[in-house]
*Asks:* 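Okay, handing you the structure first.
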Amino acid sequence: MSCVMAPPAALLKANDAMLNGDGAKRGSRGPLTVEELNPNVTEMEYAVRGKIVQRAEQHVAALDAGESRPFPDVVMCNIGNPQAVGQPPLTFIRQLFALCTCPDLLNNPSALEAFPDDVVARAKSFLDSCSGTGAYSTSKGIPAIRKKIAAFIQARDGTSCPEVDPELLFLTNGASEGVKTMLSLIIRDKSDGVLIPVPQYPLYSASLTLLGGAEVPYYLDEDAGWALAIPELERAVADAKERGVTPRAIAVINPGNPTGAVLAEDNMREVVRFCAEHELVLMADEVYQENVYVEHKPFVSFKKIVAEMSDVGKVQLASFHSTSKGVLGECGARGGFLELYNFHDAVVEQVYKMASVNLCSNIVGQIATSVLVERPVKGDASYELWQKEYDDVFNSLKRKAKKLVKALNTFEGVSCNEAEGALYCFPRLTLPQKALDAADEKDMKPDVFYCMELLDNTGVCVVPGSGFHQYPGTLHFRTTFLPPEDKIDAVIERMSTFHRDFMAKYSDESSSKST
């Protein structure tokens, strides 16, 4: 289970002293104060690392200090951080990291005996293509790795799609950097908006707040399995225009975060046609493309759909992928890439300029991305171990997804759609009126109150649905299904016992409000 140290008490005390000292007044010559910051920064929120997570970190610190809690450990189900909660790294990628970051091993015959031949060959090829992990690469990323990405996309989407140009690929520090880059280009002022799904991943709302742009929410239909309905998109655009907001792009997360829903191909074609009609940039967040657990909805990329629908016009597409999710789960490597499609050369140049300001994405992340797009194949020395480890992780995720959804649907007042993909469940809560009143007394949103109580009583850290936005009048929370299989049953038991006690404590048979 994840154990993250809280900031030392002395540091917090010193920070408070500084903020409350002589320099706290606006316009003083003392330390910078919150009142003097960019208001977009102070208004920005990021729920998956919010107050409940901070409380979880306090519990971790207390347990580490020997203090008593009503639980043995803290289970961080708040974020898709697989290796933090026990998912093992795949051997091949770590062996490659070792040789690439310590190239002297390649000159040590006894050390090389520990590495399969294909890992050694891959490491030598990498080092021949650049100046190693301690040097900057070109701003778009190492050319040899961008060629591997191009080949991956071509193989994924088929020969019916145009040949992928490596010059339209940018290696990024995770997918998040690519998303923020595109939003920075799209948002000019507060009158520019981006359609974002509700519920959504908080990266989008936080980035729009920081950039001073407008959110244009479109609601996914929970009762229809989190479907994306075109009439709802039309409503969102009309509403934005009535507010004086110009919609410039739409973000689509497929598979969905936090919903776990996978888009059907026909639905994707409707979205592309909608983008063409409204001249919207399509931002396709596809970091969970390997995490699809249902056979009737295989992953299809928006790149493939856009390329096949040339009759509707050249829809501009920015798509994102990452090493953090899927089966690799290499969040700390911060690897990923951005692909541009149908953009003018002058726009691509501006993306390149932004990449140049950051010099380049980190090189270890670029190595991880090379493995994401080019894995061991049959006949390679590492293939059998790679495939076993890969299948073990994927099948475990699939089993845990089904197990958690099934369990949540046995909780009183809880309903949860199938997790078709991604790493999360997003169950809906119906709480008794007394629970709503108790939350109000503590000046908390009801879902925040529930999640804080869950954490304080069980050590299980989840994220309130309000942090992802949700349809008015509904309550949810997001939880990962990442804890190891030998521990997931215990986590479910903690949640089940808490929920039963919570509902009994706040039950009001004479008055119950569905929210």
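Residue numbers start at 1 and run along the sequence shown. Only this structure's heavy atoms are used, side chains among them; waters, hydrogens and symmetry mates stay out.
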*Asks:* Name all pairs fulfilling the salt bridge (Lys or Arg N to Asp or Glu O under 4.0 Å) condition that reach into residues 81-103, sequence neighbours left out, sorted by first residue then second.
*Replies:* Arg94-Glu330
*Asks:* Taking atom CG of Asp117 as the centre, report whether more than 12 heavy atoms of other residues, nucleotides or ligands fall under 6.0 Å from it.
*Replies:* no
*Asks:* Thinking salt bridges, do Glu265 and Lys297 make one under a 4.0 Å N-O criterion?
*Replies:* no
*Asks:* Closer than 4.0 angstrom, basic N to acidic O: yes or no for Lys403 and Asp489?
*Replies:* yes
*Asks:* Tell me the closest heavy-atom pair linking Ser205 and Gln200, and the distance in Å.
*Replies:* OG-NE2, 2.9 Å
*Asks:* May I have the step-by-step check of side chain to side chain donor-acceptor pair (under 3.5 Å) for Glu389 and Thr91, ending in yes or no?
*Replies:* CA-CA 8 Å; Glu389 291 178 340; Thr91 301; 2.6 Å; yes
*Asks:* Hey, does the side chain of Gln366 reach the backbone of Ile142 with a donor-acceptor pair shorter than 3.5 angstrom?
*Replies:* yes
*Asks:* Assess whether a salt bridge exists between Asp73 and Lys487, defined as any Lys/Arg side-chain N lying under 4.0 Å from an Asp/Glu carboxylate O.
*Replies:* no
*Asks:* Assess whether a salt bridge exists between Glu485 and Arg399, defined as any Lys/Arg side-chain N lying under 4.0 Å from an Asp/Glu carboxylate O.
*Replies:* yes
*Asks:* Phe426 ring centre to Arg478 NZ or CZ under 6.0 Å, with the angle to the axis within 45°?
*Replies:* no
*Asks:* For residues 406-415, which side-chain donor-acceptor pairs fall under 3.5 Å, sequence neighbours excluded?
*Replies:*
residue, atom, partner, partner atom, Å
Asn409, OD1, Cys416, N, 2.7
Asn409, ND2, Val405, O, 3.2
Asn409, ND2, Cys416, O, 3.0
Thr410, OG1, Ala407, O, 2.5

*Asks:* Give the C-alpha distance, both sets of side-chain angles, the deciding distance and a yes or no for side chain to side chain donor-acceptor pair (under 3.5 Å) between Glu286 and His321.
*Replies:* CA-CA 6 Å; Glu286 298 174 334; His321 200 6; over 6 Å; no
*Asks:* Is the centre of the His59 ring less than 6.0 Å from the centre of the Phe71 ring?
*Replies:* yes
*Asks:* Would you find a donor on one side and an acceptor on the other, under 3.5 Å apart, between the side chain of Ser496 and the backbone of Ile492?
*Replies:* no
*Asks:* Under 3.5 Å, is there a donor-acceptor pair between the side chain of Ser207 and the main chain of Tyr204?
*Replies:* no
*Asks:* Apply the test side-chain contact (heavy atoms from CB on, under 4.5 Å) to residues Leu220 and Val198: give CA-CA distance (whole Å), side-chain angles for both, the deciding distance (0.1 Å), then the verdict.
*Replies:* CA-CA 6 Å; Leu220 303 176; Val198 175; over 6 Å; no
*Asks:* Do the ring centers of Phe320 and Phe302 come within less than 6.0 Å of each other?
*Replies:* no
*Asks:* Counting only heavy atoms not in Tyr471, do more than 12 fall under 6.0 Å of its OH?
*Replies:* no
*Asks:* Given 3.5 Å as the limit, does a donor-acceptor pair link the side chain of Lys325 with the main chain of Gly80, or not?
*Replies:* yes
*Asks:* So, are Asp392 and Lys388 salt-bridged, with charged N and O less than 4.0 Å apart?
*Replies:* yes
*Asks:* Using 0.5 Å steps for rounding, measure from the CG atom of Leu195 to the CD1 atom of Ile250.
*Replies:* 5.0 Å
*Asks:* Between Arg500 and Glu493, does any NZ, NE, NH1 or NH2 come within less than 4.0 Å of an OD or OE carboxylate oxygen?
*Replies:* no
*Asks:* Which atoms form the tightest heavy-atom contact between Gly225 and Asn417, and what is the distance?
*Replies:* CA-ND2, 3.8 Å
*Asks:* Taking the six-membered ring for Trp, are Phe498 and Tyr450 ring centroids under 6.0 Å apart?
*Replies:* yes
*Asks:* List the steps, then state whether side chain to side chain donor-acceptor pair (under 3.5 Å) holds for Arg334 with Ser324.
*Replies:* CA-CA 7 Å; Arg334 306 309 298 133; Ser324 300; 3.3 Å; yes
*Asks:* Locate the shortest heavy-atom distance separating Pro255 from Phe299; write the atom from each residue and the value.
*Replies:* CD-CD1, 4.3 Å
*Asks:* Within the side chain of Asp380, is there an N or O that forms a donor-acceptor pair under 3.5 Å with the backbone of Tyr383?
*Replies:* no
*Asks:* For Tyr352, look at atom OH and say whether over 12 heavy atoms of other residues, nucleotides or ligands are found less than 6.0 Å away.
*Replies:* no
*Asks:* Minimum heavy-atom separation for Arg146 and Pro166, please, with both atom names.
*Replies:* NH1-O, 3.0 Å
*Asks:* To the closest 0.5 Å, what do you measure between CG (Leu112) and CG (Leu99)?
*Replies:* 6.5 Å
*Asks:* Can you see which heavy atom on Val463 is nearest to which on Asn78, and at what distance?
*Replies:* CG2-O, 3.3 Å
*Asks:* Which is it for Gln289 and Arg156 under the side chain to side chain donor-acceptor pair (under 3.5 Å) test, yes or no, and what are the steps along the way?
*Replies:* CA-CA 11 Å; Gln289 59 188 262; Arg156 181 195 66 189; 3.2 Å; yes
*Asks:* Given the ring of Tyr341, does Lys303 sit roughly above its face, with NZ or CZ under 6.0 Å from the centre of the six-membered ring and within 45° of the axis?
*Replies:* yes
*Asks:* Thr259 versus Glu222: any side-chain heavy-atom pair under 4.5 Å?
*Replies:* no
*Asks:* Determine, stepwise, if the pair Glu418 / Lys398 fulfils salt bridge (charged side-chain N to carboxylate O under 4.0 Å, His left out).
*Replies:* CA-CA 11 Å; Glu418 180 182 11; Lys398 184 176 181 179; over 6 Å; no
*Asks:* Kindly say whether Asp391 contributes a backbone atom to a donor-acceptor pair with the side chain of Asn395 at under 3.5 angstrom?
*Replies:* yes
*Asks:* Would you say the side-chain atoms of Gln83 pair up with the backbone N or O of Gly329, donor to acceptor, closer than 3.5 Å?
*Replies:* yes
*Asks:* Quick check: does any side chain N or O of Asp221 sit under 3.5 Å from a backbone N or O of Asp223, one acting as donor and the other as acceptor?
*Replies:* yes
*Asks:* What heavy-atom pair brings Ala419 and Tyr424 nearest, and what distance separates the two atoms?
*Replies:* CB-O, 3.7 Å
*Asks:* Answer yes or no: does atom CD of Gln387 have more than 12 heavy-atom neighbours from other residues, nucleotides or ligands under 6.0 Å?
*Replies:* yes
